[in-house]
Each structure stands twice: as C-alpha cells, then as structure tokens.
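Have a look at the structure below, then the notes.
Counting convention: from 1, in listed order, for ligands and their atoms alike. The basis for the numbers below is simple: all heavy atoms, side chains too, and nothing from hydrogens, waters or symmetry mates.
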Amino acid sequence: MKQSVKMIVGNWKMNGESAGLAEFEALAARLKSDPCRVDVAICPPATLIDRMRRIGGPAAIALGGQDCHAEPRGAYTGSISAELLVEAGCDLVIVGHSERRQMFEETDAAVSAKTAGALRAGLTPIICVGETLAQREAGEAASVVRGQILGSLHDDLTGRDWALAYEPVWAIGTGLTPTLEQIAEIHAAARAAMVERLGEGGRIAPILYGGSVNAGNARDILAVAEVGGALVGGASLKATDFLAIIHAAELALVAADAQG
Ligand code: 13P
C-alpha cells in the first residue's frame with residue numbers, strides 16, 4: 001500500500017454476495033478517475049477477492065482477507081492461509097476481529113500466530129483490539145486494550161508493515177461511538193502499549209478506529225490525534241457511503257497539512 005497518513009479499510013464481513021460487485025465496481029471506477037491520497041482497501045468475503053481483482057480493484061483499492069490461518073498449508077478444513085490470500089490478490093488481512101475473538105474464541109496467542117503468518121506471506125496485518133461494554137463500564141477499557149496489544153502483537157512486526165485497529169465491541173454495528181475524547185484516550189494508550197511491546201518500532205504503524213464510522217462522523221473521528229484511519233463495516237458496503245468516508249479522510253489530511 002502507499003505510504004500515507006490515512007488508511008480507510010472496508011470490512012464487508014459475511015455480506016456482499018455477487019450484487020456487491022456492482023458497488024465495488026462503482027468504487028473502483030470513481031477512485032481510478034479521481035485518485036486520492038488515502039490508502040483504500042476492501043476486505044470482502046474470500047469468494048469475491050479474485051473477482052474484485054479481475055474488476056481491476058488493485059489499481060485503486062487494495063484487497064484484504066478478513067482472517068487467515070497461522071499455518072501456510074495443511075489439513076485445516078475451512079481455513080485460508082495468508083499465502084492463499086496473497087495468491088488471490090490480497091495485500092492485507094484483518095486478524096483478531098472481535099467477532100472472531102467472541103464467536104470463534106480466538107485468543108491473543110492465536111491472533112499473534114496469525115499475525116506472524118500474515119507477515120511470513122508478505123501481507124499487512126490489521127490487528128484488532130477493543131473492549132466490551134461491561135469492560136468499559138468497569139473502567140477497564142485502556143487496560144483491556146493494553147493487554148490485548150501485549151498478547152496479540154508479534155516480535156516479527158517492525159515499523160509500518162502493519163496496522164492496529166481499535167474497535168470497541170459495543171460500538172460495532174450499533175450506531176454508538178465513543179466520544180472523541182474517549183477515542184483519543186484509548187489511541188494514546190494503544191500507542192504506549194505498542195511501544196511497550198515492540199520498542200521504537202511500535203511508534204510508526206497507524207492506529208485505525210472502527211465501530212459505527214459513517215459519512216456523518218468520519219471527519220471528526222479522523223481528525224483525532226493518533227487516529228490513522230478507519231476500519232468500516234456497514235458503511236463500506238455502499239460505494240457512495242464509503243466514498244464519503246474516504247473524502248473525509250482526504251479533508252483530514254488537508255487539514256493536517258495546513259497545520260504543518
Ligand atoms: P460497523 O462499521 O458496521 O460498526 O463495523 C465495524 C467493524 O467491525 C469493522 O471491522
């Protein structure tokens with residue numbers, strides 16, 4: 001991916017079917033005719049990756065997996081390795097999404113192993129962390145995120161070959177978001193934990209915010225300190241909604257330039 005400040009990644013989850021390709025086609029066409037400085041990626045269901053690649057996605061939009069197995073190959077029915085994602089046309093992969101942590105009981109150690117698998121294959125891992133509502137209400141948000149970061153990162157991570165995504169579980173798909181102050185607080189705590197775990201190399205990777213990002217709130221969220229982009233679920237499924245978020249990221253870049 002290009003080296004830039006803001007990264008906008010769409011996570012289609014188990015949505016899209018073939019009809020979603022029309023949305024992707026519209027998005028790709030728009031970004032080709034009107035290039036932007038923002039790094040844009042879509043992580044579709046695995047069955048759509050190759051079809052998106054053929055539509056010409058990679059020229060304007062990087063493609064990513066939503067998960068990978070830690071091993072390169074073998075008898076792991078139903079799983080996809082990072083190597084297979086690369087062959088299909090991916091540049092990146094989401095690991096440790098809260099839906100996988102909760103529904104598939106993925107541990108920090110499993111996420112760390114998947115991170116190593118992604119790096120081995122040459123994919124950019126986006127490592128997800130985030131607290132539940134009960135943890136936030138107990139005042140544990142920052143400590144939970146720190147613990148997930150210490151456990152889920154991997155020694156093989158260096159500089160900018162990866163991203164963290166802070167996604168509060170209670171903000172995903174609910175229309176709820178933390179306040180801008182709360183986002184700033186957790187992103188600062190996440191950065192400190194990244195440096196604690198990796199040393200100076202932990203200062204560089206972007207920290208994305210995810211959880212009910214939409215065209216209306218993206219600009220404010222993307223202007224928060226240490227918010228290096230967004231991981232977008234529902235609002236990434238429609239080209240017009242996703243383009244509005246990409247536009248907000250461009251405006252945030254312009255505003256940052258103006259501040260020097
Ligand atoms: P929503 O944007 O639909 O809340 O989903 C966020 C998410 O889980 C992205 O990975």
Side-chain angles (χ1 to χ4, degrees), residues 6-16 20 23-24 27 38-46 48-49 61-68 85 90-104 106 111 114-115 118 123-133 135-136 141 144-145 148-149 152 162-180 182-183 186-187 190 205-222 224 227-249:
K6 300 292 181 197
M7 192 172 166
I8 303 294
V9 180
N11 174 11
W12 278 20
K13 308 190 181 185
M14 200 170 74
N15 297 296
E23 294 294 329
F24 180 80
L27 182 67
V38 177
D39 281 342
V40 180
I42 293 282
C43 301
L48 293 183
I49 293 167
I61 309 170
L63 298 173
Q66 297 176 7
D67 178 42
C68 67
L85 289 173
C90 288
D91 288 321
L92 51 96
V93 63
I94 297 168
V95 292
H97 192 282
S98 64
E99 285 151 18
R100 296 210 60 90
R101 289 179 184 265
Q102 293 197 318
M103 296 173 202
F104 301 94
E106 285 189 8
V111 176
K114 289 177 180 211
T115 297
L123 289 177
T124 297
I126 300 176
I127 304 166
C128 300
V129 296
E131 83 284 358
T132 63
L133 185 58
Q135 289 166 334
R136 172 157 288 274
V144 165
V145 165
Q148 288 176 329
I149 290 172
S152 305
W162 64 289
L164 190 88
Y166 167 55
E167 298 203 302
V169 177
W170 52 274
I172 294 176
T174 59
L176 303 172
T177 54
T179 64
L180 299 179
Q182 288 170 330
I183 293 174
I186 301 298
H187 279 234
I207 307 174
L208 315 184
Y209 168 79
S212 296
V213 175
N214 58 43
N217 62 22
R219 191 164 175 190
D220 287 343
I221 291 173
L222 290 165
V224 172
V227 173
L231 183 53
V232 185
S236 69
L237 292 169
K238 286 259 171 296
T240 46
D241 295 347
F242 198 50
L243 281 164
I245 294 170
I246 293 165
H247 184 58

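For ligand 1, the atoms closer than 4.0 angstrom to any heavy atom of Ala171 are 4 (O). Near Leu231, meaning under 4.0 Å from any of its heavy atoms, are these atoms of ligand 1: 9 (C), 10 (O). Each of the atoms 1 (P), 2 (O), 3 (O) of ligand 1 lies under 4.0 Å from some heavy atom of Gly234.
Counting non-hydrogen atoms of other residues, nucleotides and ligands closer than 6.0 Å to CZ of Arg100 gives a total above 12.
Ring pair Tyr209/His187 is tilted by interplanar angle, where 30° to 60° counts as tilted.
Residue-to-ligand polar distances place Glu167 within reach of ligand 1: an N/O pair is separated by less than 3.5 Å. Note: an N/O pair closer than 3.5 Å links Gly233 and ligand 1 by distance alone. Looking at ligand 1, you won't find any N or O of Ala235 less than 3.5 Å from one of its N or O atoms. Annotation: Thr174 places no N or O atom under 3.5 Å from an N or O atom of ligand 1; distance criterion only.
Contact between Gly211 and ligand 1 is present, with at least one heavy atom of the residue lying under 4.0 Å from the ligand.
Between Ile246 atom CD1 and Ile61 atom CD1 the span is 7.0 Å, to the nearest 0.5 Å.
Considering every non-hydrogen atom in both Ile49 and Pro44, the closest pair reads CG1-CG, 3.8 Å.
If you look at Ile172 next to ligand 1, the close heavy atoms, those under 4.0 Å, come from the backbone and the side chain alike.
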*Starting from the C-alpha separation in whole Å, work towards a yes-or-no answer on side-chain contact (heavy atoms from CB on, under 4.5 Å) for Leu176 and Ser212.*
CA-CA 6 Å; Leu176 303 172; Ser212 296; 5.5 Å; no
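Looking only at atom types and distance, the side chain of His97 has a donor-acceptor partner in the side chain of Glu167 under 3.5 Å away.
Between the choices Pro168, Gly173, Ser98, the shortest heavy-atom distance to atom 4 (O) of ligand 1 belongs to Gly173.
For Lys6 (side chain) and Val227 (main-chain N/O), a donor-acceptor pair under 3.5 Å exists by modelled atom type.
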